[in-house]
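Some notes on the structure that comes next.
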Amino acid sequence: MQRVRTRFAPSPTGGLHLGGVRTALYSYLFAKRHGGDFVLRVEDTDQSRFVPGAEEYIMNCLAWCGINPDESPIHPGPYAPYRQSERKEQYRSYAEQLIRDGFAYYAFDTSEELEKMREELRTPNNPSPQYDHTTRMKMKNSLSLSVSEVKDLLDKQTPYVIRINMPSNEIISFQDMIRGEIKNDSNLVDDKVLLKADGMPTYHLAVVVDDYLMKITHAFRGEEWLPSAPVHIKLWEYLGWKEAMPEWAHLPLILKPDGNGKLSKRDGDRLGFPVFAMDWHDPKTGEINKGFKEMGFLPEAFINMLALLGWHSGEEKEIFTLAELIQTFSMERVHKGGARFDFEKAKYFNHEWIKHSSPEKLLAQVRSTLSSAGIICSDDLYLTEVIGLVKDRCTFMNDFMQQASYFFHHPTTIDMESLKAKWDDSKKAFFSAFVNHLENLETWSAEQIETTFKILAAEHNIKPGELQLPFRLMLVGGKFGPAVFTIAAMIGREATQQRIQHVISLS
Ligand code: GLU
């Protein structure tokens, strides 16, 4: 059996949309499920769309997700180079082979001539006429001109592109792993440019040549590429490689939350959630788009959510590690229809992952989250305990700032409104006495603090339940956090006494 090889082939044109990450993920899962290779190939032949920094950004996103390519521009394998711009030289010979075999032709039309053709042929039924089997003989190309005219133009170094000579009256069909048999009428497909005037291949030629040379066996891409598929099918055939053609998987779109159309980055801005894997700073426009990472998602949660956006495992279980996904993933359970993005569901996955992760695993990230809020904690044991106490209350990693800060410093604000609702002189007297009792406590533990608290409450004739909220507000500043006696035990005697006294003095 042939070794399975899949590829993710992004163009470095901007932020990495979650649809792109999902394509990479499915491609990776499929390769790993079958013990094969996952390749990252950068499709940077369209110089006009090239954005500096985008390639590195894409690689960082994949690394953050834990989707590690076996071969890539920075970790090349036997089929290097892995950037199409560096493979430029090899495409021309294939384009020329196609011309020799009658499957492609030189086209010398200037942009004015192309525009003129469109103007002349435009009708209400055909608003944007194409360069195709109906128009090509009216244009200036090596099919319509004589051999000597073509030679003359080439000798004079007239700029040209090379176009595919699409057949007419043919049904072009292929098998898609998700959609089954797909048929296209060749009459509706135009003669796509294969090699541009600057000598660069277009995506159409490059994708076929590279998938062939890199021995790709399964090609995953977004369904927006379906209309181009017949061109690629014909190229595989015309280049004589039909037997080696990869199996195709055109992944369904990720839809807006209301199901109306493709999820775009504008939807994210509008609805307040990220659409990119990581923050993307566009160097051309200066625009910044939020990423899942910076919003406080764990990569495991992001991947888990994406895997289930368009695929189901066939089990009730929803929480999967990457290793479990590799074991379970199968193409039969990839949905044909678009998958609606649901940010609430994404939050659910993140919350579950934070809950299920060990404090030790979260340690480094929480430390950096806290340090960005000015909280420096060098005591790993203490920080690990804090994480264990609050992680169930965090939906985003950034929530640790609020949920954990009072373990490191006095609360910056106190919810006095809530305190006042529970406050009177008898409670004030209780807490003054409590501060003194704490001074004499032999063992500083949650149990001891609680016992003293309850005995003293009974002596003061106040139900302990009436006192717990004020105590919490003193220690935490608000109505949240784990058991209040545990918090007191953690922050220590001195901090507990100071916080009680501070609120007494405010009240
Ligand atoms: N370069 C194409 C893109 O960025 C990739 C399509 C493919 O995977 O074949 O969408």
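Counting convention: from 1, in listed order, for ligands and their atoms alike.
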**Request:** Could you name the protein residues that come within less than 4.0 Å of ligand 1, counting only heavy atoms, and order them by chain and residue number?
**Result:** Arg7, Ala9, Pro10, Ser11, Glu43, Tyr203, Val207, Phe220, Arg221, Trp225
**Prompt:** Are the side chains of Leu226 and Arg179 in touch, meaning some heavy atoms are under 4.5 Å apart?
**Reply:** yes
**Prompt:** Any donor and acceptor pair, going by atom type alone, linking the side chain of His17 with main-chain N or O of Leu263 inside 3.5 Å?
**Reply:** yes
**Prompt:** Is the Lys NZ or Arg CZ of Arg136 less than 6.0 Å from the centre of Tyr105's six-membered ring, within 45° of the axis?
**Reply:** no
**Complete:** Taken to the nearest 0.5 Å, the spacing of Asp132 CG from Asn165 CG works out to 11.0 Å
**Request:** Test side-chain hydrogen bond (donor to acceptor under 3.5 Å, both in side chains) on Gln84 and Asp210 and set out the steps.
**Result:** CA-CA 8 Å; Gln84 285 182 334; Asp210 286 344; 2.9 Å; yes
**Request:** Taking the side chain as every heavy atom from C-beta outward, state whether Trp248 and Ile182 have any pair of such atoms under 4.5 Å apart.
**Result:** no
